[in-house]
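Before any comments, here is the structure.
Residues take their numbers from the sequence shown, with the count starting at 1. Every heavy atom of this structure was used, including side-chain atoms; hydrogens, water molecules and symmetry mates were not.
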Amino acid sequence: MDLKSALMGLGFAAIWASAFTSTRIAVIEMPPLLALVIRFGASAVIAMGLAWAMGQSLRLSRAEWRTVIVFGLCQNALYLGLNWTAMQWVEASAASIIASMMPLMVAFAGWAVLGEPLRRQAALGLVVGVIGVVIIMSVRLSQGMNLVGLLMCLAAVVALAVATMAVRNAGGGANVLMIVGLQMAVGAAALALPSAVLEWGRPWEWSGRLIGALAYSILVPGIFATFIWFRLVTRIGAVRAAAFHFLSPPLGVAIAALWLGESFGWSDVIGSAVVAAGILMVQLARVPRTEAIPVTSGG
């Protein structure tokens with residue numbers, strides 16, 4: 001893997017992990033689905049405006065439109081809708097650890113549903129990753145972690161795994177930023193009615209803390225990280241790109257502790273390391289041993 005790809009992967013992992021902390025701030029200050037509609041709507045306008053200025057087109061291929069619809073519904077509306085709602089009651093560090101299970105779920109579903117071969121190292125990695133999650137969540141549940149929030153986070157990561165499997169061979173192409181903007185627009189449209197029905201009349205007010213959290217979510221995880229992800233997949237493939245998820249558990253715990261002052265114990269430290277090891281084992285086992293690493297000149 002070349003240095004640029006490695007830096008892109010590290011940057012994506014750090015931003016992805018930090019998104020849970022900014023989300024936690026936003027959903028405490030205002031209704032979560034409304035916050036997402038605002039985030040997706042603003043992200044769509046910004047990304048599509050930039051794409052148009054760069055000469056990108058709305059004329060997408062069938063595969064690109066599939067990416068827009070699947071990511072817009074499964075990743076944005078379902079995954080983030082469930083996750084943001086759950087994080088009213090679940091701490092940012094716990095949500096990031098649960099979400100980091102996505103590569104494990106994709107590997108397991110590929111074997112169980114699609115009949116893809118699963119190497120011994122990958123199977124061991126699945127077991128190790130699940131053990132790590134159990135270590136963390138068993139302690140947190142004993143300390144009063146909200147069960148409904150936990151179940152919503154689990155449902156959210158299943159939706160993310162489905163989206164990843166459905167479009168895992170899709171790269172960015174020439175219209176990557178336009179695709180990012182369009183899938184944000186799909187997410188905003190899908191959540192507008194649920195927000196109006198479920199959250200109408202809930203009191204909230206603007207504050208500097210809320211504006212900062214939303215601005216960060218819109219610009220950094222919303223647009224910049226998604227752009228990095230599509231570019232990274234184009235450069236090195238989805239399997240290698242997903243390997244960087246192994247950094248998310250420890251980064252998620254660390255960022256939430258530094259930014260929000262969330263407490264953590266040895267079970268979080270040990271469990272995060274175990275989950276990270278399991279994810280890395282699974283992803284490294286899935287990388288073809290003889291396949292050359294594609295490198296593009298874009299970016």
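Taking the side chain as every heavy atom from C-beta outward, Leu219 and Ile46 approach each other to under 4.5 Å. Side chains of Pro32 and Met87 form no contact here, defined as non-hydrogen atoms less than 4.5 Å apart. Residues Ser267 and Ile136 form no side-chain contact, since every pair of their non-hydrogen atoms from C-beta on lies 4.5 Å or further apart. Between Ile279 and Ser100 there is a side-chain heavy-atom pair separated by less than 4.5 Å.
Between the CE atom of Met137 and the SG atom of Cys153 there is a distance of 8.0 Å, given to the nearest 0.5 Å. Note: Met105 CE to Leu126 CG = 11.0 Å, rounded to the nearest 0.5 Å.
In terms of the side-chain contact (heavy atoms from CB on, under 4.5 Å) criterion, residue partners of Trp206 (sequence neighbours excluded) are, by chain and number, Ile38, Trp204, Leu210, Ile211, Leu214. With sequence neighbours left out, the side-chain contact (heavy atoms from CB on, under 4.5 Å) criterion links Leu258 to no other residue. Taking the side-chain contact (heavy atoms from CB on, under 4.5 Å) definition, one finds that Ala225 meets it with Phe12, Ile15, sequence neighbours left out. Listed by chain and residue number, Phe264, Trp266 satisfy the side-chain contact (heavy atoms from CB on, under 4.5 Å) test with Val269 (two or more places apart in sequence, or in another chain).
Taking a 6.0 Å sphere around CZ of Arg202, one finds it holds more than 12 heavy atoms contributed by other residues, nucleotides or ligands.
For the pair Thr23 (side chain) and Ala19 (backbone), a donor-acceptor distance under 3.5 Å is present. Between the side chain of Asn83 and the backbone N or O of Ala95 there is no donor-acceptor pair closer than 3.5 Å. With Ser96 contributing its side chain and Ser93 its backbone, the two residues share a donor-acceptor pair below 3.5 Å.
In the hydrophobic clustering, where aliphatic and aromatic side chains (Ile, Leu, Val, Met, Phe, Trp, Tyr) are joined below 4.5 Å either directly or transitively, Val148 groups with Leu82, Trp89, Met152.
For residues 257-285, the pairs satisfying salt bridge (charged side-chain N to carboxylate O under 4.0 Å, His left out) are Arg140-Asp268, with sequence neighbours left out. Sorted by first then second residue, the ring pair (Phe, Tyr, Trp, His ring centres under 6.0 Å) pairs that include residues 33-52, not counting sequence neighbours, number zero. Every pair passing salt bridge (charged side-chain N to carboxylate O under 4.0 Å, His left out) that includes a residue from residues 16-34 is listed here, sequence neighbours excluded: Glu29-Arg209. Within the structure, salt bridge (charged side-chain N to carboxylate O under 4.0 Å, His left out) contacts touching residues 216-226 (residues at least two apart or in different chains) do not occur. Listed by first and then second residue, the salt bridge (charged side-chain N to carboxylate O under 4.0 Å, His left out) pairs that reach into residues 217-229 come to none, sequence neighbours excluded. The side-chain hydrogen bond (donor to acceptor under 3.5 Å, both in side chains) analysis of residues 7-21, with sequence neighbours excluded, yields the pairs Ser18-Tyr216. For residues 106-135, the ring pair (Phe, Tyr, Trp, His ring centres under 6.0 Å) pairs, not counting sequence neighbours, are Phe108-Trp111.
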TODO: Decide side-chain contact (heavy atoms from CB on, under 4.5 Å) for Thr67 and Gln183; before the verdict, give the C-alpha distance in whole Å, the side-chain angles of both, and the deciding distance to 0.1 Å.
DONE: CA-CA 8 Å; Thr67 298; Gln183 53 121 337; over 6 Å; no

Task: side-chain contact (heavy atoms from CB on, under 4.5 Å) evaluation trace for Leu80 with Leu191 - done: CA-CA 10 Å; Leu80 287 175; Leu191 290 177; over 6 Å; no

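Closest of all the heavy-atom pairs between Ala35 and Trp84 is CB-CZ3, 3.6 Å.
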